[in-house]
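Notes follow the structure.
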Amino acid sequence: MTAAGLKSTPGGPLRGTVRAPGDKSISHRSMILGALASGTTTVEGLLEGADVLATAQAMRSFGARVEQEGGGRWRIEGQGGFVEPLDVVDCGNAGTGVRLIMGAAAGFPLCATFTGDNSLRGRPMSRVLDPLARMGATWLGRDKGRLPLTLKGGNLRGLSYKLPMASAQVKSAVLLAGLHAEGGVEVIEPEATRDHTERMLRAFGAEVIVEDKGGVRHIRLPAGQKLTGTHVAVPGDPSSAAFPLVAGLIVPGSEVTVEGVMLNELRTGLFTTLREMGADLVISNVRESSGEQVGDITARYSPDMKGVLVPPERAPAMIDEYPILAVAAAFATGETIMRGVGEMRVKESDRIALTAAGLEACGVDVEEEPEGFIVRGTGQAPRGGTMVETHGDHRIAMSHLVLGMAAQAPVSIDEPGMIATSFPGFADMMRGLGGTIEEA
Ligand code: S3P
């Protein structure tokens, strides 16, 4: 991890074609399902970011053989179940990692102690522990189920669980625990969230029944499922592609293409919103890969973007993209209203507070609300010329570096090492496109 900060400097147009890094959500799931399955799972295009590497290490401690073969290719020899880890399982910065692994581990008669970095130890785990406890798992830990905590699994009952918040992590934890519960599980989802766990469970041979009852999704996993190792081709991450694409929209004269971006409609709310703002964003070469649609996305400089009201019901399909949307909104004309995004406050940081503080420090007019925020753009490049505190949040860091590429003066961020949790090649990719990002 570098001690120095990173600085982005406004400059000439960004031009070129790049490949999106592997999707983080799918990468975590490929490791966990590969470890739970019997036999060999091969993965290509894995995101080799710190979060996923922590999940790979965790899968080793639960008994799987996990080998890196080079060039994003990995091999997992699953044992058809988890064994008790001999040491504490450290999930680093990864909320997805720890929540899904706790769900998977709860199905087995074992005791496991989980921890993570400073940010992860401050994030709520009760959202996962509550349904797991209703299935029969027990845990011991700090107040409100913060890490570190020890989980004891095994002898789980089935459960029908209505999600109290739109969270794919909670849904996935219940489904993974349900693999080893008597009676199977059902998750009722008032707002649809990313469905990668459902899709991947099917690819590993499980039966997953999804029914829409009056706009509410019921996801059922009958008891007695067996997972068999398979091949997973990880598509490009739309949440990472967002950064070079928004940079292409706001840096004058730019044309940036990101290839191989996953187009699952439960993930592409940002692209829909940017187009509503008038962004020149074109999707081409749409194809299918490992059960997901992927395509190439080209962003051209779009000086006439207008502020919009983002429908709150779109939030689950772009929950990680609001910080970079707010950057695009800072270059648009008029108000961009982002509401119904209270979940942003319990991500790697309080992303409503940090996005508002960072943009304000860059001279942008932002209004914070309890469950949302409003950005008022003037159609002019914001002032920039400041150091933004990221509190160790990779997406806050990348969003403000993108802003600095098109602001009136450079923008610096602290803690650049955290970018490697999701996008290790970010700075090099932006330099390759013609951007100026250097140590500050
Ligand atoms: C994820 C779900 C989302 C998202 C996170 C990845 C996943 O979190 O913010 O980055 O892979 O399931 P929530 O489930 O908490 O909304």
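Please read all numbers here as calculations on a predicted model, not as lab measurements. Just so you know, ligand 1 is whichever comes first in the structure, and atom 1 is the first atom listed for that ligand.
- By the 6.0 Å contact criterion, CD on Glu265 is open, its count of non-hydrogen atoms from other residues, nucleotides or ligands being 12 or less.
- Comparing Leu100, Ile26, Asp51, Thr96 against atom 1 (C) of ligand 1, the shortest heavy-atom distance belongs to Thr96.
- Between Lys347 and ligand 1 there is a heavy-atom distance shorter than 4.0 Å.
- Between Arg29 and ligand 1, at least one N/O pair is under 3.5 Å apart.
- Short contacts between ligand 1 and Ile319, defined as distances under 4.0 Å to a heavy atom of the residue, involve ligand atoms 9 (O).
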Can you give me every donor-acceptor pair (side chain of residues 70-80, partner residue at least two apart or in another chain, under 3.5 Å) with its distance?
residue, atom, partner, partner atom, Å
Trp74, NE1, Glu48, OE2, 2.7
Arg75, NE, Glu69, OE2, 3.1
Glu77, OE1, Thr40, OG1, 2.9
Glu77, OE2, Thr40, OG1, 3.3
Gln79, NE2, Glu77, O, 3.1

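- Of the protein's heavy atoms, Asp320 OD2, 3.3 Å lies nearest to atom 4 (C) of ligand 1.
- Note: no N/O pair closer than 3.5 Å links Glu343 and ligand 1 by distance alone.
- Looking at ligand 1, you'll find an N or O of Ala168 within less than 3.5 Å of one of its N or O atoms.
- With Asp237 as reference, Arg267 is the one residue of Arg194, Arg267, Lys24, Arg19 to meet the salt bridge (charged side-chain N to carboxylate O under 4.0 Å, His left out) rule.
- Among Val388, Ile250, Leu359, the one residue that satisfies the side-chain contact (heavy atoms from CB on, under 4.5 Å) test with Leu403 is Leu359.
- Residue-ligand proximity, Ser167 to ligand 1, at heavy-atom distances under 4.0 Å covers atoms 13 (P), 14 (O), 15 (O), 16 (O).
- Within a 6.0 Å radius of CZ in Arg65, no more than 12 heavy atoms belonging to other residues, nucleotides or ligands are found.
- For the ligand labelled ligand 1, residue His196 lies outside the 4.0 Å heavy-atom shell.
- Using 4.0 Å as the threshold, Ala166 has a heavy atom nearer than that to some atom of ligand 1.
- Checked for salt-bridge contact, Glu276 and Arg314 meet the test: a charged N lies under 4.0 Å from a carboxylate O.
- Residue Gln169 places at least one N or O, backbone or side chain, under 3.5 Å from an N or O of ligand 1.
- Within the structure, the salt bridge (charged side-chain N to carboxylate O under 4.0 Å, His left out) test picks out the following pairs touching residues 181-191 (sequence neighbours left out): Lys171-Glu189, Glu189-Arg217.
- A salt bridge links Asp296 with Arg287: the distance from a Lys NZ or Arg NE/NH1/NH2 to an Asp or Glu carboxylate oxygen falls below 4.0 Å.
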